[in-house]
Protein chains: 2
Amino acid sequence: MSALDGLAVRRTTTAQQLADGLAERIMAGAFGPGDRLRESAIAAELGVARNTIREAVRILELTGLVRYEVNRGAVVIAPTPEIVEALYTARERLETAAAARTPRPEQLDAITEAFENLCAAADTGDLGTIVDRDLAFHQAIVAVLDSTRLDEFYAAMTKELRFYLTVLSKSETPEEVVAQHRLILDAIRAGDRDRAVAEIRAHIDTSVEQLKQLLDARR
Amino acid sequence: MSALDGLAVRRTTTAQQLADGLAERIMAGAFGPGDRLRESAIAAELGVARNTIREAVRILELTGLVRYEVNRGAVVIAPTPEIVEALYTARERLETAAAARTPRPEQLDAITEAFENLCAAADTGDLGTIVDRDLAFHQAIVAVLDSTRLDEFYAAMTKELRFYLTVLSKSETPEEVVAQHRLILDAIRAGDRDRAVAEIRAHIDTSVEQLKQLLDARR
DNA sequence: ATGACTCGAACTGTAGTACAGTTCAACTGT
DNA sequence: ACAGTTGAACTGTACTACAGTTCGAGTCAT
């Protein structure tokens with residue numbers, strides 16, 4: 001910690017700030033999946049020029065929360081069974097690959113800590129926090145792969161998934177969540193990589209199944 | 001194949017076309033790593049408005065060929081030892097994870113075909129094509145993971161790597177390339193997953209080592 | 001010469017206006 | 001009920017303008 005810590009000039013552009021703000025709003029549910037982001041309306045409301053909004057939305061596109069359709073502009077992503085399945089397949093591949101490795105001590109600690117955080121959240125019962133901690137636990141597992149690029153890729157998927165979970169208001173009892181993750185953690189801590197892989201696979205299978213049911217129910 | 005195949009109206013925007021064109025130019029070496037993409041100059045040269053160029057460049061950012069720096073605009077990515085290493089680490093994780101699986105027959109065929117294409121290119125001696133076929137071979141391996149999202153992620157990394165290889169004009173003898181890949185293919189075809197993983201690891205190790213030397217030599 | 005400093009040209013970031021082409025829902029006529 | 005028409009809203013693109021930033025060239029002191 002230096003004496004100049006936290007001192008930083010405004011090293012960001014208006015468009016970047018708008019992108020951050022919009023991402024927040026979308027995650028908070030201000031825009032639902034499939035909604036269009038109307039440029040003039042947003043520009044007027046926020047008091048910025050339309051081209052600045054356009055840039056902000058292009059930046060948003062980087063994070064994957066919206067995609068562009070020709071002549072329809074930016075549209076908030078919407079979960080379909082195919083998309084959810086593809087997302088979970090990629091998660092499964094990365095997490096099992098990670099579980100097949102031997103974590104370094106500090107990685108094991110990080111995973112354990114993530115689990116404890118999850119337990120604490122489960123005690124409070126705050127669903128949003130539980131989901132966040134849940135996802136953070138899995139991110140800690142992927143970190144065992146020791147690849148920043150894969151960490152980033154996984155984080156981007158997590159952001160997308162977080163949004164889907166919010167809009168689908170997926171809910172399971174905190175006890176279930178903790179129980180499932182404890183199985184994974186135990187297997188990892190025991191150094192039983194085959195079991196860890198199997199537990200992760202099972203966990204992801206049940207999750208994707210639940211989500212698909214929720215998706216069907218919506219239609 | 002329907003009777004309407006290939007019939008499609010211009011389902012794209014000017015900005016998208018510009019992004020594609022710029023990507024091509026960059027890959028062809030019109031802009032070197034670290035070069036800035038000056039908006040006014042490009043806009044004037046191509047006869048489009050500056051904001052359209054800005055959009056095109058934002059789209060380009062999606063593919064990872066350029067990144068933005070505040071008040072300096074778009075800058076073509078430049079390989080550093082850290083970046084190259086991170087890239088190859090991610091490749092290693094994905095490819096070994098794929099090699100640890102049992103490929104389906106058609107996947108095995110695809111890999112074999114990719115190898116044959118590589119051999120054919122090696123015979124002609126065209127370095128650019130060899131690199132392309134080399135990368136396609138590895139993409140075919142990753143396809144064994146059966147995850148479209150990971151396929152896409154890997155493809156994006158490949159594009160980035162292709163650019164680095166071009167600007168660094170990496171060269172090894174075609175015989176070497178074919179020999180190394182034959183080892184990998186043989187291990188996969190033999191169903192010896194441990195050996196396949198080991199061969200891939202070795203192949204990537206030597207590649208990254210060569211690249212690092214090239215990078216040092218540049219400085 | 002060397003290094004610190006100043007200045008200005010070039011460029012980015014943002015605002016604002018304009019308009020042709022597209023989308024989509026409401027309206028119309030059958 | 002249904003095909004066709006119309007118009008409002010919106011996107012894609014162009015153009016202009018200007019404040020703030022960057023960076024190299026020139027200047028000055030050492």
Side-chain angles (χ1 to χ4, degrees), chain A residues 4 7-26 30-78, chain B residues 4 7-26 30-78:
Chain A
L4 294 173
L7 187 160
V9 280
R10 176 186 98 82
R11 217 74 192 120
T12 175
T13 65
T14 307
Q16 182 62 60
Q17 294 173 41
L18 289 171
D20 294 343
L22 283 175
E24 208 175 303
R25 300 290 187 91
I26 292 174
F31 297 89
D35 281 2
R36 291 171 60 180
L37 265 47
R38 283 197 203 73
E39 299 168 358
S40 339
I42 298 176
E45 188 174 329
L46 300 183
V48 296
R50 189 155 75 94
N51 51 8
T52 305
I53 290 293
R54 283 196 132 234
E55 272 215 55
V57 174
R58 285 295 185 186
I59 296 175
L60 247 187
E61 202 182 7
L62 282 175
T63 72
L65 271 186
V66 305
R67 70 176 198 292
Y68 262 87
E69 292 179 14
V70 178
N71 283 322
R72 296 195 69 233
V75 179
V76 177
I77 53 172
Chain B
L4 294 173
L7 189 160
V9 280
R10 178 188 95 83
R11 216 76 191 122
T12 176
T13 64
T14 307
Q16 182 62 61
Q17 295 174 44
L18 289 171
D20 294 343
L22 284 175
E24 207 174 303
R25 300 289 188 90
I26 292 174
F31 297 89
D35 281 2
R36 290 171 61 180
L37 263 48
R38 283 196 204 73
E39 299 168 358
S40 342
I42 298 176
E45 188 174 328
L46 299 183
V48 297
R50 189 155 76 93
N51 50 7
T52 305
I53 290 294
R54 282 196 133 236
E55 273 214 54
V57 174
R58 286 293 185 188
I59 296 174
L60 248 188
E61 201 182 9
L62 282 175
T63 72
L65 271 185
V66 305
R67 69 176 201 291
Y68 262 84
E69 292 180 14
V70 178
N71 283 323
R72 296 195 70 234
V75 179
V76 178
I77 52 172

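The sequence lines fix the lettering, A, B, ..., with proteins before strands; numbering per chain opens at 1.
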Could you give the [atom1]-to-[atom2] distance, from [X] to [N], as a whole number of Å?
X       : N      : atom1 : atom2 : value
A/Leu18 : C/dT14 : CG    : P     : 8 Å
B/Asp35 : D/dT22 : CG    : P     : 19 Å
B/Arg58 : C/dT12 : CZ    : P     : 12 Å
A/Arg38 : D/dT11 : CZ    : P     : 7 Å
A/Glu39 : D/dT13 : CD    : C1'   : 11 Å

So which heavy atom on [X] is nearest to which on [Y], and how close?
X       : Y       : answer
B/Ala15 : B/Ala56 : O-CB, 3.4 Å
A/Arg36 : A/Asn71 : NH2-O, 4.4 Å
B/Leu60 : B/Ala23 : CD2-CB, 3.7 Å
A/Val75 : A/Gly34 : CG1-O, 3.5 Å

Exactly one of B/Ile26, B/Asp35, B/Ile77 should register a side-chain contact (heavy atoms from CB on, under 4.5 Å) with B/Val66. Which one does? B/Ile26
A/Ile53 and side-chain contact (heavy atoms from CB on, under 4.5 Å): which partner among A/Leu37, A/Leu18, A/Thr14?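 The single option meeting the side-chain contact (heavy atoms from CB on, under 4.5 Å) with A/Ile53 is A/Leu18.
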According to salt bridge (Lys or Arg N to Asp or Glu O under 4.0 Å), does anything in residues 12-26 of chain A pair up with another residue at least two apart or in another chain? List the pairs. none
Counting only side-chain N and O atoms of A/Thr13, is one of them less than 4.0 Å from OP1 or OP2 of C/dG13?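 For A/Thr13, the contact criterion (side-chain N or O under 4.0 Å from OP1 or OP2 of C/dG13) is not met.
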Contact class for [X] vs. all strands (heavy atom < 4.0 Å): base, sugar-phosphate, or nothing?
X       : value
B/Ala41 : nothing
B/Gln16 : nothing
A/Leu37 : sugar-phosphate

Can you give the donor-acceptor pairs under 3.5 Å from side chains of residues 38-47 of chain A to other protein atoms, not counting sequence neighbours?
unit_1  : atom_1 : unit_2  : atom_2 : d
A/Glu39 : OE1    : A/Arg50 : NH1    : 2.6
A/Glu39 : OE1    : A/Arg54 : NE     : 3.4
A/Glu39 : OE2    : A/Arg54 : NE     : 3.0

Check side chain to side chain donor-acceptor pair (under 3.5 Å) between A/Glu61 and all other residues, then give those that pass, not counting sequence neighbours.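 A/Glu61 satisfies side chain to side chain donor-acceptor pair (under 3.5 Å) with A/Arg58 once adjacent residues are dropped.
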Could you list the residues that satisfy side chain to side chain donor-acceptor pair (under 3.5 Å) with A/Arg72, not counting sequence neighbours? A/Glu69
Near DNA chain C, under 4.0 Å by heavy atom, which residues of residues 42-53 of chain A?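 Within this stretch, A/Val48, A/Ala49, A/Arg50, A/Asn51, A/Thr52 sit under 4.0 Å of the strand.
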What distance do B/Leu22 atom CG and B/Gln17 atom CD have between them, rounded to the nearest 0.5 Å?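 One finds 12.0 Å between CG of B/Leu22 and CD of B/Gln17.
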Under 3.5 Å, N/O pairs linking protein and nucleotides 20-23 of chain C:
unit_1 : atom_1 : unit_2  : atom_2 : d
C/dT22 : O3'    : A/Asn71 : ND2    : 3.1
C/dT23 : OP1    : B/Arg11 : NH2    : 2.6

If each end axis of the helix from C/dA1-D/dT30 to C/dT30-D/dA1 is fitted on five C1' pair positions, the angle between them, to 10 degrees, is 0°
Considering only heavy atoms from C-beta outward, does the side chain of A/Tyr68 approach that of A/Val57 to under 4.5 Å?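 Yes, side chains in contact.
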Near DNA chain D, which residues from residues 19-26 of chain B have a heavy atom under 4.0 Å away? none
